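Every heavy atom of this structure was used, including side-chain atoms; hydrogens, water molecules and symmetry mates were not. Throughout, a chain's letter reflects where its sequence line sits, starting with A, and its residues are numbered from 1. None of these values were measured; they are calculated from a predicted model.
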Amino acid sequence: MSIFVDDDTRVVVQGITGGEGRFHTQQMMEYGTNVVAGAVPGKGGQEVEGVPVYDTVSEAVEEEDANASVVFVPPAFAGDAIFEALDTDLDLVVAITEGVPTQDMAKVNKRLSEVDTRLIGPNCPGIITPGEAKLGILPGNIFEEGNVGLVSRSGTLTYQVVSNLTERGIGQTTAIGIGGDPIIGTSFVDALEAFENDPDTHAVVMCGEIGGEDEEQAAKFIAENMDTPVAGFIAGRTAPPGKRMGHAGAIVSGSGTGTAESKINALNDAGVPVGDTPNEVADHIEDFL
Amino acid sequence: MKLHEYQAKNIFAEAGIPVPESRLASSVDEVMEAVEDIGYPAAIKAQVHVGGRGKAGGIKIAMDEDEARQAAEDILGMDLKGYTVEQVLVEAGVDFENELYVGVTMDRSAGKPVAMVSTEGGVNIEEVAEENPDAIAREHVDPAFGLHPYQARKLVFDAGIPRDVAFDVASFLSTLYDLYEANDASDIEINPVMITSDRDVVAADAVMNIDDDALFRHEDLAAMEEDSYEDELEAKAGEYGFDYVRLSGNVGIIGNGAGLVMTTLDLVDYFGGTPANFLDIGGGAKAERVANALDMVFSDENVDSVVFNIFGGITRGDEVAKGINEALESFDEIPKPVVVRLAGTNAEEGMEILNTELVQVEGTLEDAVQRAVENAQEVSQ
């Protein structure tokens with residue numbers, strides 16, 4: 001089994017005619033993802049990689065029975081694109097776009113609370129259920145089918161940890177990059193809960209980083225609600241306080257919250273071993289299986 | 001992006017928030033001209049992008065001409081936490097009875113803005129928040145509707161603002177929220193709001209930070225951005241558009257994606273080295289950007305070795321390899337040893353292109369970092 005996506009997922013790509021949209025549509029289809037439509041205002045009637053393009057998401061949903069969307073729309077228009085996706089009855093919206101203004105995301109967040117659609121991202125690499133489907137920009141060749149779930153705030157760190165697992169023959173049920181922005185759709189807790197309820201996921205890797213308090217909340221959730229073992233990794237142990245390390249969220253306030261130490265302690269207290277290196281995370285997972 | 005106090009105050013004043021009379025000055029003579037117009041007492045305030053200016057000696061009150069001249073001489077040109085003070089705001093001193101705090105920021109855990117009011121103004125509000133959180137009244141704002149007037153009223157009464165000025169403060173807060181929203185601010189604060197002996201309310205300070213991701217729709221604000229980097233290298237990084245942080249060690253680090261670059265830093269530390277910098281080339285970097293990254297890191301004289309750690313997703317290994325070759329082939333002699341680790345999208349193609357006479361190649365993250373740390377130790381000896 002898997003969480004959130006599988007080979008029944010029918011995908012509409014918003015922004016399919018752009019450079020990234022086109023390239024990754026091709027990559028997703030090569031991986032076996034069921035990309036059924038594109039949606040780009042003003043480009044209805046065209047075809048990209050043999051996929052029909054519609055002017056609106058709702059048309060794509062109606063005509064091609066799509067139930068998920070992937071957003072490759074530039075930041076200035078991404079908030080609107082997500083709103084458009086949330087105005088249909090899609091099950092899942094995956095927003096890859098980096099640099100979406102935070103106030104736009106606050107409005108999206110408000111709308112999310114009113115609909116049944118799940119949002120992953122923005123500023124994320126997407127989600128993959130190995131051997132079935134990938135929605136996003138993750139390099140498909142490093143993933144293997146298996147029984148470990150992975151959830152991460154960082155895209156490239158996801159790839160790193162997955163490759164450490166795959167090299168040892170440990171495959172994955174589903175891997176999700178939730179994104180490092182201040183306001184995101186799916187949280188660690190949402191993903192952990194779904195993995196806990198997936199009988200095929202026997203262990204979970206959770207990769208966090210400095211900034212915010214999401215990891216601390218996740219630790220609390222794990223302690224109270226999870227039987228599936230979890231191993232963790234936290235990036236940014238050596239980050240100096242007050243400096244912004246790339247991601248909007250990756251800043252240590254200097255007041256003690258949001259530091260790598262506070263996150264690692266919270267996870268350890270919840271019984272989650274935290275690796276010093278990505279390879280050590282794989283060691284812990286190996287011990288669980 | 002941070003606005004200076006005087007820039008934020010101009011915006012506040014235009015929106016109808018009362019601010020003290022003030023002039024911007026960049027020389028002692030200009031300060032003296034300004035105080036002549038404004039009178040005494042006058043506040044001389046450094047305009048630099050750092051917090052805690054007062055404690056660091058960047059704000060002085062002058063009661064007469066001699067004090068004004070002394071303050072101007074002391075503050076102009078001073079080094080304030082790494083920034084040189086080039087401008088001061090000369091402002092009419094406010095005779096106040098109470099100091100309040102009002103502010104709006106994004107509560108990332110709640111995913112919505114939060115408006116705040118406190119009677120504990122004029123001090124470090126972060127300390128108040130930590131030590132006595134109940135002293136700050138808070139209301140979450142539904143971003144679809146904005147701050148309702150009733151919420152602003154509730155806040156001032158919850159905070160215990162004196163009744164005779166409560167509605168004035170509520171109106172400040174409403175205006176502040178509108179400015180927060182209209183300008184895509186990430187924070188907007190007045191600390192302190194002063195209540196004068198005549199029971200007027202005045203914004204004695206102004207903080208306004210803008211969401212960098214939203215600057216594309218605020219040309220007027222973007223135009224106010226100035227180069228205010230802590231050193232030349234950070235200025236260079238700004239020109240190249242990199243996420244770059246200079247650190248104190250000697251292992252230069254380049255990678256893609258904040259999480260992976262931070263992990264590379266952590267591993268340098270883990271293997272006994274010290275990171276010289278954080279440099280994220282971002283997603284989808286092309287060859288030129290990769291070459292610029294190497295140029296950046298080589299420009300730091302503290303760097304004794306470099307590790308390039310790329311795990312391609314949207315970034316493609318062949319583009320990265322091209323950029324590394326371009327950058328290194330331009331040297332007669334490679335300035336410092338470079339270790340490359342390429343994985344992910346088009347990594348194999350990248351490895352085939354990579355000029356291995358110029359770089360060392362390692363297959364795993366750990367091996368690459370360890371090798372770079374060893375290189376740095378050898379070079380520095």
Side-chain angles (χ1 to χ4, degrees), chain A residues 20 24 27 75-76 96 98-107 109-111 125 136-139 141-142 152-160 163-164 180 182-184 207 209-210 212-214 217 233 235-240 243-250 253 255 260 276-279, chain B residues 106 108-113 126 129-130 141-145 180-181 184-186 211-217 243 245 247-249 255-263 265-270 274-275 278 280 282-284 309-315 343-347 364-366 369:
Chain A
E20 298 298 346
H24 289 287
Q27 296 276 308
I96 307 303
E98 182 180 354
V100 183
T102 307
Q103 292 197 17
D104 292 0
M105 281 311 300
K107 293 190 176 86
N109 184 55
K110 153 77 175 176
R111 174 52 54 91
I137 59 175
L138 313 105
N141 60 343
I142 61 171
S152 168
R153 263 169 79 182
S154 154
T156 45
L157 186 53
T158 307
Y159 313 158
Q160 177 62 48
S163 72
N164 285 90
I183 302 179
I184 53 174
C207 298
E209 60 186 30
I210 53 170
E213 286 168 357
D214 302 8
Q217 286 165 6
F233 184 79
R237 294 165 186 240
T238 52
K243 291 284 188 184
R244 180 181 291 249
M245 297 297 217
H247 283 181
S253 66
S255 62
D276 283 334
T277 68
N279 213 14
Chain B
M106 186 63 73
R108 63 177 286 171
S109 309
K112 50 180 89 164
E126 284 83 6
E130 226 162 88
V141 182
D142 184 326
F145 299 114
Y180 167 85
E181 193 183 17
D184 273 295
S186 50
D211 178 0
D212 291 325
D213 287 335
L215 279 178
F216 66 85
R217 56 189 173 208
D243 278 322
V245 179
L247 303 166
S248 56
N256 64 323
L260 186 65
V261 182
M262 282 195 283
T263 301
L265 260 71
D266 294 348
L267 285 183
V268 165
D269 179 70
Y270 179 80
T274 50
F278 167 101
D280 178 5
N309 182 27
I310 300 294
F311 212 122
I314 203 159
T315 304
T345 307
N346 291 6
T364 73
L365 170 61
E366 282 87 352
V369 170

(message) Return the OG1 to CE distance between A:Thr156 and B:Met262, rounded to the nearest 0.5 Å.
(response) 9.0 Å
(message) Is it true that B:Asp269 and A:Thr238 share a donor-acceptor pair across their side chains at a distance under 3.5 Å?
(response) no
(message) For the interface with chain A, which of B:Asn309, B:Asp184, B:Leu215 has the highest count of heavy-atom pairs at distances below 4.5 Å?
(response) B:Asp184
(message) Under 4.5 Å from any heavy atom of chain A, what part of B:Asn256 do you find: side chain, backbone, both or neither?
(response) both
(message) To check you understand the geometry: which heavy-atom pair defines the closest contact between B:Ser109 and A:Glu213, and what is its length?
(response) OG-OE1, 4.2 Å
(request) Please confirm whether the backbone N or O of B:Gly259 pairs with a side-chain atom of A:Gln160, one donor and one acceptor, at under 3.5 Å? (result) no
(request) Supply the atom-to-atom distance A:Asp104 CG to B:Arg217 CZ, rounded to the nearest 0.5 angstrom. (result) 4.0 Å
(request) Check each atom of A:Ser163 against the heavy atoms of chain B and say whether the ones under 4.5 Å are side chain, backbone, both or neither. (result) side chain
(request) Can you tell which part of B:Ala110 gets under 4.5 Å to a heavy atom of chain A, answering side chain, backbone, both or neither? (result) backbone
(message) Only pairs of heavy atoms separated by less than 4.5 Å count here; which of B:Asp142, B:Ile310, B:Thr345 has the most with chain A?
(response) B:Asp142
(message) Please classify the contact of B:Asp266 with chain A as side chain, backbone, both or neither, using a heavy-atom distance under 4.5 Å.
(response) both
(message) Nearest 0.5 angstrom please: B:Arg108 CZ to A:Thr102 OG1, how far?
(response) 9.5 Å
(message) Could you report the tightest heavy-atom contact between B:Pro143 and A:Lys107, atom names first, then the distance?
(response) O-CE, 3.7 Å
(message) Please classify the contact of A:Ile142 with chain B as side chain, backbone, both or neither, using a heavy-atom distance under 4.5 Å.
(response) side chain
(request) Could you check which of A:Gln103, A:His24, A:Glu20, A:Met105 has the highest count of heavy-atom pairs closer than 4.5 Å to chain B? (result) A:Gln103
(request) Against chain B, label A:Asn109 side chain, backbone, both or neither, depending on which of its atoms sit under 4.5 Å from a heavy atom there. (result) side chain
(message) Show the nearest heavy-atom pair for residues B:Gly312 and A:Pro139, with the distance to one decimal.
(response) O-CG, 3.3 Å
(message) So for A:Ile183, is it side chain, backbone, both, or neither that comes closer than 4.5 Å to the heavy atoms of chain B?
(response) side chain
(request) Provide the closest heavy-atom pair for A:Ser154 versus B:Leu260 in the form atom of the first, atom of the second, distance. (result) OG-N, 3.9 Å
(request) With rounding to the nearest 0.5 Å, note down the distance linking OG1 in B:Thr263 to CD in A:Glu209. (result) 8.5 Å
(request) Check A:Pro278 against B:Leu365 and note the closest heavy-atom contact, atom names and distance. (result) CG-CD2, 3.9 Å
